[in-house]
Amino acid sequence: MGMSSLKLLKYVLFFFNLLFWFCGCCILGFGIYLLIHNNFGVLFHKLPFLTLGNVLVIVGSIIMVVAFLGCMGSIKENKCLLMSFFVLLLIILLAEVILAILLFVYEQKLNDYVAEGLTDSIQRYYSDNSTKAAWDSIQSFLQCCGVNGTSDWTSSLPASCPSDPLVQGCFMKARLWFQSNFLYIGIITICVCVIQVLGMSFALTLNCQIDKTSQSLGL
């Protein structure tokens, strides 16, 4: 690989990571906005930290850190930063694979846990403002009512419930939404994994080329 190819690889890796860094900033900013305004509230009280705002903040922060290492490592031709970038991407990729396997193996247990958590939280609707905000957001977005249907609301129906008497429960509606969009979710997941593998490959290639260049220059 010549010097021109090395420069091309370096700048491709830099600009791609710069783009992802800006995406990470947007995700982090949106997560902080949700945390401040608390639009979606807390749905699972056994996991109070599992809110959309917290998830976006964590994901945005990870993307920013990894992309920053990729940017600086490539533009500075720093082997330490490049290897840190490679290792973090490898850890994230392995975590995604393990998570996918666990979700597949324990799908039924996860469904039962989610249904139990939703049933528990629906009892807190009128006593907890955060839970009320979460349920109102979900019911308005999915056009559903309760966990399994309107019968889950022992008193009057919330204003966020659709007026249709045959409206479905949010648990089933969410499962149907996921199943109908499974192909798109799978394509996005595969694309993310491919990008991660390409990033790891570019980082290793650039790292090896820096070694060869150093040796040829007698450094």
Side-chain angles (χ1 to χ4, degrees), residues 1 5-6 8-31 34 40 43-44 47 49-75 81-115 117 137-138 141-142 144 170-209:
M1 183 183 293
S5 299
L6 174 62
L8 176 62
L9 180 60
K10 179 175 74 173
Y11 287 115
V12 166
L13 190 60
F14 171 77
F15 283 113
F16 266 103
N17 278 288
L18 185 63
L19 176 63
F20 287 124
W21 186 82
F22 280 119
C23 291
C25 288
C26 294
I27 294 173
L28 177 62
F30 188 54
L34 292 180
F40 290 91
L43 192 60
F44 297 97
L47 298 171
F49 59 88
L50 189 62
T51 63
L52 182 59
N54 284 333
V55 171
L56 291 179
V57 167
I58 293 171
V59 171
S61 300
I62 292 174
I63 292 175
M64 286 180 64
V65 170
V66 174
F68 176 79
L69 291 175
C71 280
M72 297 306 296
S74 57
I75 202 67
L81 292 178
L82 284 173
M83 288 310 297
S84 298
F85 172 72
F86 172 83
V87 170
L88 282 177
L89 275 183
L90 179 60
I91 292 173
I92 293 171
L93 184 61
L94 290 175
E96 289 169 350
V97 172
I98 292 172
L99 180 61
I101 293 173
L102 290 176
L103 289 176
F104 178 76
V105 173
Y106 296 103
E107 180 182 3
Q108 188 56 50
K109 289 186 177 180
L110 179 63
N111 287 336
D112 295 341
Y113 182 81
V114 170
S137 298
I138 290 175
F141 177 73
L142 293 177
C144 58
C170 293
F171 182 64
M172 181 57 67
K173 199 71 177 287
R175 290 188 63 181
L176 290 174
W177 180 89
F178 181 82
Q179 291 172 2
S180 63
N181 292 277
F182 184 78
L183 176 62
Y184 303 107
I185 295 172
I187 291 173
I188 292 172
T189 303
I190 292 172
C191 290
V192 170
C193 291
V194 169
I195 291 172
Q196 289 174 323
V197 172
L198 286 176
M200 292 164 58
S201 301
F202 285 171
L204 275 183
T205 304
L206 185 57
N207 188 65
C208 293
Q209 190 60 31

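Numbers here are sequence positions counted from 1.
Rounding to the nearest 0.5 Å gives a distance of 10.0 Å between CG of Leu204 and CZ of Phe85. Taken to the nearest 0.5 Å, the OG1 atom of Thr205 stands 9.5 Å off from the CG atom of Leu13. The CG atom of Leu93 sits 12.5 Å away from the CG atom of Leu88 when rounded to the nearest 0.5 Å. One finds the CD1 atom of Ile138 at 10.0 Å from the CZ atom of Phe141 (value rounded to the nearest 0.5 Å). Atom OG of Ser74 sits about 9.5 Å away from atom CZ of Phe15, to the nearest 0.5 Å. Atom OH of Tyr113 and atom NZ of Lys109 lie 13.5 Å apart (nearest 0.5 Å).
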Which pairs would a plain distance check flag for residues 187-201, meaning a side-chain donor or acceptor within less than 3.5 Å of a matching protein atom at least two apart in sequence or in another chain?
unit_1	atom_1	unit_2	atom_2	d
Thr189	OG1	Ile185	O	2.7
Gln196	NE2	Glu96	OE2	3.2
Ser201	OG	Val197	O	2.9

Only distances under 3.5 Å count here; give the side-chain donor-acceptor pairs of residues 170-183 to other protein atoms, sequence neighbours excluded, each with its distance to 0.1 Å.
unit_1	atom_1	unit_2	atom_2	d
Lys173	NZ	Leu142	O	2.7
Lys173	NZ	Gln143	O	3.1
Ser180	OG	Leu176	O	3.1
Ser180	OG	Trp177	O	2.9
Asn181	ND2	Trp177	O	2.7

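In this structure, Phe202 and Leu206 have side chains that are not in contact, with every pair of non-hydrogen atoms separated by 4.5 Å or more. In this structure, Phe86 and Asn207 have side chains that are not in contact, with every pair of non-hydrogen atoms separated by 4.5 Å or more. Residues Phe68 and Met72 are in side-chain contact: their nearest non-hydrogen atoms beyond the backbone lie under 4.5 Å apart. Looking only at side-chain heavy atoms (C-beta outward), Tyr11 and Ile75 come within less than 4.5 Å of each other. Using a 4.5 Å cut-off on side-chain heavy atoms (C-beta onward), Val66 and Ile92 make contact. The closest side-chain heavy-atom distance from Leu69 to Asn17 is not below 4.5 Å. Val114 is listed as a side-chain neighbour of Leu110, based on a closest heavy-atom distance under 4.5 Å.
Closest heavy-atom contact between Ser61 and Leu28: OG-CD1, 3.6 Å.
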